[in-house]
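Report on the following structure.
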Amino acid sequence: MADAPHAFQKCLSPNCGKTYDIGQVLVACPACGELLDVKYDWDQVRPPSSWKEIEANWSRRDNPLNFSGVWRFRSLFPYATDEQIVTLGEGQTLLQQTDRVGQYVGLDSGKLHLQYEGMNPSGSFKDNGMTAAFSHAHIVGAKRAACASTGNTSASLAMYCSVTQLMKAVIFIGSGKISYGKLSQALDYGALTLQISGDFDDAMARVKEVTKDLGIYLVNSVNPFRLEGQKSVMFRVLEALRWEPPDWIVVPGGNLGNSSAFGKAFAELKELGLITRIPRLAVINAGGADTLDQLYNKHNLRWNGGHFDKDLINGYYQTMDETGAKASTLASAIEINRPVNLTKCLRALHDCDGVVRQVNDQEIMDAKSQVGSGGMGCEPASAASVAGAKMLREEGVIAPSDRVVCILTGHLLKDPNATVAYHTTDQDYFNQILGSRGVKRAAHANRAVAVKNELADIVTAIQLYG
Ligand SMILES: *Cc1c(COP(=O)(O)O)cnc(C)c1O
Ligand SMILES: [Zn+2]
């Protein structure tokens with residue numbers, strides 16, 4: 001962009017490190033195939049010198065860019081001019097301190113915070129990144145935008161297209177792999193929805209092909225601009241904590257866009273002198289989709305200054321293919337075989353002294369019920385963060401006195417089937433939705449009470465159970 005000569009794209013591989021103009025539409029380095037970062041020349045564009053400067057935007061929120069919980073931090077990712085930005089008021093989210101859930105995790109009073117990204121306009125954190133990628137798509141004049149999705153990316157893209165009418169959405173989803181809450185959004189927002197036989201990874205491979213062939217703008221998290229917007233989740237967490245970094249950020253890991261964005265955010269804030277200490281990062285896989293956990297903990301894959309072991313990764317994927325191993329978890333948003341941001345996440349884990357764990361569907365559903373009864377609830381994938389924090393607490397990796405922030409990535413209503421199945425008295429329905437996934441019991445189920453439509457019976461029920 002002539003408007004933003006201080007921003008550019010850069011290959012993350014230190015062996016290559018080639019740079020590209022901000023106006024180019026790329027999802028990988030054309031020279032070596034690695035992922036790209038958006039970078040800034042901070043000598044040419046003055047970064048904010050204090051949080052006060054950023055806080056000042058909040059008092060000017062009659063400007064939609066300052067109202068946005070993403071764009072009021074835009075001086076920390078200045079690749080677009082104000083006129084170029086497309087915003088729908090995303091990022092109005094809340095950091096809630098909760099002792100009820102904190103007790104479940106095993107933390108001292110006052111130490112657990114939940115970051116509710118389900119409060120975004122399409123109901124998940126994806127809007128933080130979508131507004132950023134969508135703005136870039138708008139800058140380069142895209143007419144159509146596409147994604148492969150387990151549901152929330154497609155809901156978000158479809159919403160930005162329907163509200164702004166700037167582009168048409170093309171959505172690739174795996175068959176039978178999307179919850180009704182998310183599918184209903186894509187359909188209602190009028191997106192062209194292609195349900196292909198296969199799972200997310202199959203859809204991802206196809207959408208890469210198709211977007212390249214047809215020149216359609218790709219908004220999956222391989223898109224480096226998406227991650228710039230997702231950095232703002234951490235800016236808001238810091239803001240809510242009066243700019244004092246917590247000890248831990250715990251986040252579910254699917255395609256690893258969030259964890260990668262969070263790592264980049266903290267590395268940059270430290271470089272700019274806006275923070276002096278970087279929180280530790282915990283990335284939590286679902287047991288049925290544990291590629292990162294396997295590679296990181298079992299095979300000891302590390303960032304290694306950018307010289308990570310590519311053969312190890314490729315060999316692991318090859319074995320997955322040969323054995324027909326397929327991701328399977330009811331946390332559908334993180335049901336991923338080959339996380340597209342794996343290498344960026346390795347860098348984040350290095351920069352944030354990170355750890356990786358996996359939790360099973362039973363642990364996820366139990367944790368989810370706790371987030372519901374002690375907070376505003378979340379979808380299954382989001383609860384992996386709380387289940388993971390509990391596990392790390394039990395291991396002694398997280399101390400009871402540590403300040404912990406769990407990221408709740410998606411809204412409770414995204415996947416009502418899983419929630420109702422957990423609380424139901426209908427054993428068949430429980431088995432169909434949860435039992436088939438290895439969930440054996442619903443320890444924290446809140447059963448609906450069947451009662452005759454008689455005043456006396458109703459009064460008795462309230463006295464008995466209330
Ligand atoms: C997309 C998504 C995730 C996974 O995030 P990544 O950045 O791909 O790791 C987790 N939870 C929900 C609700 C999601 O929509
Ligand atoms: Zn490269």
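One-based numbering, in listed order, for ligands and for the atoms of each. Quantities reported herein were computed from a predicted structural model and do not represent experimental measurements.
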Worksheet item: Checking side chain to side chain contact (heavy atoms under 4.5 Å, CB included) for the pair Phe430/Val439: CA distance, chi angles, key distance, verdict?
Response: CA-CA 9 Å; Phe430 178 89; Val439 178; 4.0 Å; yes
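- With Tyr79 contributing its side chain and Ala132 its backbone, the two residues share a donor-acceptor pair below 3.5 Å.
- Residue Ile334 touches ligand 1 through its side chain alone, judged by heavy-atom distances below 4.0 Å.
- Between Phe134 and Tyr160, the angle of the ring planes lies from 30° to 60°, which puts this pair in the tilted group.
- Contacts with ligand 1 closer than 4.0 Å are made by side-chain heavy atoms of Lys126 only, the backbone lying farther away.
- At least one cation-pi condition fails for Arg144 and Tyr217: the charged atom is not both under 6.0 angstrom from the six-membered ring centre and inside a 45 degree cone around its axis.
- The neighbour count for Gln103 CD, taken as heavy atoms of other residues, nucleotides or ligands under 6.0 Å away, does not exceed 12.
- In Asn152, the part holding a heavy atom less than 4.0 Å from any atom of ligand 1 is the side chain.
- Listed by atom number, the atoms of ligand 1 under 4.0 Å from Glu379 heavy atoms are 13 (C).
- The N/O atoms of Gly257, backbone and side chain alike, include one that comes under 3.5 Å of an N/O atom in ligand 1.
- In summary, the atoms of ligand 1 found under 4.0 Å from a heavy atom of Ala381, numbered by their order in the structure, are 11 (N).
- Remark: Asp321 CG is packed, more than 12 non-hydrogen atoms of other residues, nucleotides or ligands lying under 6.0 Å away.
- Residue contact annotation: Ser221 has no non-hydrogen atom under 4.0 Å from ligand 1.
- Numbered from 1 in the order shown, with element, the atoms of ligand 1 that lie under 4.0 Å from a heavy atom of Asn255 read 6 (P), 8 (O), 9 (O).
- Every atom of ligand 1 is numbered from 1 in the order shown, and the set under 4.0 Å from a heavy atom of Asn258 is 7 (O).
- Here the angle centred on the Zn ion (ligand 2), running from SG of Cys29 over to SG of Cys16, is 110°, rounded to 10°.
- Residue contacts with ligand 1 for Lys414 are absent, since no atom lies close enough (heavy atoms, distance under 4.0 Å).
- The local environment of NE2 in His350 is sparse, with at most 12 non-hydrogen atoms from other residues, nucleotides or ligands closer than 6.0 Å.
- Relative ring orientation between Phe73 and Phe235 is described as tilted, the plane-to-plane angle lying within the 30° to 60° band.
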